[in-house]
Amino acid sequence: MFSRDIWKEIFETIQKNKLRTFLSGFTVALGILIFVVLFGFGNGLINTFNQFFSNEATNVFMVFRGRTTMPYKGYKANRSIEFDNSDLEDIEKNFPLFLEYISPRITRQDTVSYQNESNSYATWAVGPAHQFSEMTIMMKGRYLNVSDINNKTKNAVIGRLVEEDLFGAKNSIGKYIDVGGSSFKVVGVFQDDGGDNEERNIFIPYTTRQLIEKNTDKIDAMVIGFKPSIGYAGAMAFEKSLDKFIREKKYINPQDRNGIFIRNVADQLKQNQQFARVLQIIVGFVAFGTIIAGIIGISNIMVFVVKERTKELGIRKALGATPKSVIGTILLESVFITTVSGFIGMLIGVGILSSMGERLEDFFITNPYIDMPMAVIATIILIIFGGIAGYVPAKRAANIKPIVALRDE
Amino acid sequence: MIEINNLHKSYKMGSNSLHVLKGLNFSIKEGELVAIMGSSGSGKSTLLNILGMLDEADSGEYTLDGVPIKNLNETKAAKYRNKFLGFIFQSFNLINYKSAMENVALPLYYQKVPRKQREEKAIKYLSQVGLKEWAHHLPNELSGGQKQRVAIARAMAAEPKVLLADEPTGALDSKTSYEVMDLIQNINDQGNTILVVTHEEDIAHMCKRIVHLKDGVIVEDKTVDQVRASQYV
């Protein structure tokens with residue numbers, strides 16, 4: 001079936017029937033090309049979508065304090081809830097099964113200066129675990145560590161743009177900056193995918209902040225990371241019992257909707273994922289449709305090809321071609337053309353996608369791409385179905401009596 | 001070489017059955033040049049199709065070179081056709097995108113002869129029909145007579161036991177017809193068995209024996225004095 005002679009015969013036929021070859025090849029190449037480009041654009045949409053939502057860890061609760069609106073257990077309404085360091089310890093102690101890390105967060109706006117440069121930045125007083133929740137990436141130096149917290153050191157980790165603003169091209173590590181009147185030593189510079197705003201932040205140890213603010217132990221908010229292994233249901237259960245625990249400790253009416261707030265990223269994540277999934281389904285549907293259209297296109301061409309060749313096949317049969325060799329020739333020819341043009345179409349499509357890059361970002365398409373295996377599988381599917389589509393008319397042609405085929409004009 | 005015995009064939013046309021061949025008996029020996037004559041509807045093409053294994057008889061026996069031809073499936077028929085038979089058609093039936101040489105070499109391709117040998121043989125038979133210079137031309141660059149000569153070379157290339165010619169001169173003017181018949185006579189002179197279906201008297205008389213068919217039976221089977229076509233060329 002794969003002797004050199006058969007291939008030579010096929011190549012000759014292909015060479016000498018250029019229009020037919022071109023037509024069938026073109027259909028297949030176009031089908032795959034459209035598939036690849038559409039699928040890539042779909043992925044680009046999903047990329048854009050993910051960029052909007054994925055710059056923070058997803059296994060995180062934020063616990064914010066508020067004001068009560070209901071009286072409870074002898075406490076009046078309109079009471080301001082406060083968190084302090086003991087809350088961190090209590091939560092850590094009570095939820096060892098769920099908890100991965102916990103960090104406080106005290107946010108202030110400070111004027112920060114170095115030599116002659118100065119600017120106003122958000123300073124976040126946090127613990128070491130905060131790095132995970134914000135997915136902060138260290139460019140140089142280090143993040144805050146446990147010893148910074150314990151020793152209330154005046155170390156600061158600054159954002160990439162803070163360094164750019166204050167230090168220009170110079171290295172900031174080891175230099176001292178003035179943060180709201182206190183001198184801090186820069187120990188690290190970070191970057192963040194969240195964009196420019198996030199890179200204009202400064203992290204300092206929360207214990208240091210508390211010391212500056214008259215040695216208080218109050219904190220603004222808590223960032224709690226749960227173990228990803230507990231899953232979505234676990235996260236929901238954790239949220240519920242955490243809510244209950246804090247309400248009990250702070251004497252907040254269970255019905256009071258204000259008091260405290262827990263922002264559950266997992267919940268948002270689920271919604272986002274659902275939206276992304278819908279996008280994916282739409283993209284998949286379009287891609288599937290393209291492939292189907294491609295298959296129908298090939299089928300039509302195969303019917304046409306076999307019809308056009310009926311007489312030739314009759315002659316070949318009269319000269320001693322067996323039905324098997326007739327089917328084999330037609331199929332090998334069509335599979336060969338589909339394979340070559342399919343992969344050409346695929347490569348052109350992939351080329352178009354990779355040349356797009358960021359250019360379509362205005363249309364919410366970022367870095368359109370298609371996984372190579374996906375593109376190859378789609379091409380192979382088209383080839384296989386092209387083969388099946390060709391087999392039916394080829395089989396029919398092979399079984400036509402040569403005398404009938406010869407009469408065909 | 002060919003033996004047929006009580007050959008019947010009918011075609012179903014809706015509810016009617018059309019009895020085309022009504023018990024034919026004859027035999028052809030090696031080296032004969034036989035014309036099958038008859039008006040249209042006499043069954044001569046059906047007979048040729050059965051002899052050519054392009055169609056199958058309802059009943060009766062057909063033996064070709066000692067091989068009984070029966071219960072053929074398409075694959076077997078194709079192999080027998082390739083091995084035993086060479087066809088010459090009224091409309092030449094050359095493959096139009098293949099050169100003269102490639103057309104002649106095609107039956108050898110199905111005999112799985114290596115390419116080199118195929119081409120050598122094709123050239124050899126093309127020079128026998130006087131078309132060596134035209135080997136690389138496509139059929140539509142050839143005249144009708146040349147096309148038929150290519151077709152004859154193709155039929156010869158597989159070195160078949162029997163050549164079957166279905167109205168070989170039907171599409172040609174008389175001068176070209178005689179040229180083709182001259183060629184067929186020369187091939188017959190080399191000892192090849194040839195069957196020619198025709199309805200032209202003069203062509204039939206260039207054969208050695210005429211079998212006359214009428215309404216599905218043989219009405220006449222005679223040997224004739226062969227008229228050499230070369231005298232008209």
Side-chain angles (χ1 to χ4, degrees), chain A residues 1-24 305-330 332-333 337 391 394-409, chain B residues 45-46 48-56 72-99 101-119 138-139 151 154-160 164 166:
Chain A
M1 191 173 185
F2 290 101
S3 77
R4 206 168 140 254
D5 233 22
I6 289 177
W7 283 110
K8 259 203 145 138
E9 176 75 17
I10 286 169
F11 284 138
E12 278 173 13
T13 314
I14 288 174
Q15 268 173 16
K16 287 176 181 167
N17 295 281
K18 289 206 177 71
L19 181 68
R20 190 170 77 202
T21 308
F22 172 77
L23 278 180
S24 36
V305 163
V306 170
K307 182 85 195 121
E308 193 208 41
R309 294 182 72 175
T310 303
K311 180 151 191 186
E312 181 202 329
L313 298 176
I315 297 170
R316 284 175 182 267
K317 287 188 77 179
L319 296 179
T322 57
K324 217 172 102 188
S325 83
V326 168
I327 297 174
T329 319
I330 295 180
L332 274 185
E333 194 189 310
I337 294 175
Y391 179 78
K395 171 112 182 141
R396 203 179 306 146
N399 286 332
I400 298 176
K401 290 215 152 111
I403 199 68
V404 177
L406 284 173
R407 244 181 261 136
D408 185 81
E409 287 295 341
Chain B
S45 289
T46 308
L48 193 80
N49 290 343
I50 291 172
L51 293 179
M53 290 175 239
L54 301 173
D55 208 342
E56 220 176 333
L72 291 179
N73 59 30
E74 275 293 333
T75 309
K76 221 168 162 189
K79 282 194 176 130
Y80 282 172
R81 278 199 290 272
N82 189 255
K83 201 168 134 197
F84 290 128
L85 300 170
F87 288 95
I88 301 162
F89 301 97
Q90 178 175 1
S91 52
F92 324 127
N93 282 339
L94 299 175
I95 293 178
N96 54 21
Y97 63 84
K98 284 180 176 284
S99 71
M101 183 191 72
E102 287 165 340
N103 263 291
V104 175
L106 199 58
L108 300 169
Y109 169 77
Y110 289 114
Q111 280 182 354
K112 302 199 161 55
V113 175
R115 190 174 193 82
K116 261 251 167 70
Q117 271 173 270
R118 259 183 358 231
E119 291 182 357
L138 292 176
R154 184 177 65 183
M156 301 271 297
E159 285 160 10
L164 298 176
D166 187 5

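In what follows, every chain begins at residue 1, and chains take the letters A, B, ... in the order their sequences are listed.
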Next on the checklist: Tell me which of these, B/Met53, B/Glu102, B/Lys76, has more heavy-atom pairs under 4.5 Å with chain A than the rest.
Outcome noted: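 Result: the option with the highest number of such pairs is B/Glu102.
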
Where does [X] contact chain A at under 4.5 Å (heavy atoms): side chain, backbone, both or neither?
X: B/Gln111; value: neither
X: B/Leu94; value: backbone
X: B/Tyr109; value: side chain

Next on the checklist: Side chains of B/Arg154 and A/Ile315, heavy atoms from C-beta outward: is any pair under 4.5 Å?
Outcome noted: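 Touching, per the 4.5 Å side-chain cut-off.
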
Item to check | Evaluation steps, side-chain contact (heavy atoms from CB on, under 4.5 Å), between B/Asn96 and A/Glu312 | outcome: CA-CA 9 Å; B/Asn96 54 21; A/Glu312 181 202 329; over 6 Å; no

Next on the checklist: Between A/Glu12 and B/Arg115, does the salt bridge (charged side-chain N to carboxylate O under 4.0 Å, His left out) criterion hold? Intermediate values first, please.
Outcome noted: CA-CA 13 Å; A/Glu12 278 173 13; B/Arg115 190 174 193 82; 2.4 Å; yes

Checklist entry - Taking all atoms of both residues into account, what is the closest heavy-atom pair of A/Ala321 and B/Ala78, and its distance? => result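 It is O-CB, 3.3 Å.
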
Item to check | Contact summary for A/Thr13 and B/Tyr97, nearest pair of heavy atoms | outcome: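 Closest approach of A/Thr13 to B/Tyr97, heavy atoms only: CG2-OH, 3.2 Å.
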
Next on the checklist: How long is the straight-line distance from OG1 of A/Thr322 back to CG of B/Asn73, given to the nearest 0.5 Å?
Outcome noted: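 B/Asn73 CG to A/Thr322 OG1: 10.0 Å, rounded to 0.5 Å.
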
Item to check | Between CZ on residue B/Arg81 and NZ on residue A/Lys317, distance to nearest 0.5 Å | outcome: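 Those atoms lie 6.5 Å apart.
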
Item to check | Partner residues of B/Phe89 under the ring pair (Phe, Tyr, Trp, His ring centres under 6.0 Å) criterion, sequence neighbours left out | outcome: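 Scan of B/Phe89 (ring pair (Phe, Tyr, Trp, His ring centres under 6.0 Å), adjacent residues dropped) gives B/Phe87.
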
Item to check | Top contributor to chain B contacts, counting heavy-atom pairs under 4.5 Å, from A/Ala318, A/Gly314, A/Ser325 | outcome: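 Result: the option with the highest number of such pairs is A/Ala318.
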
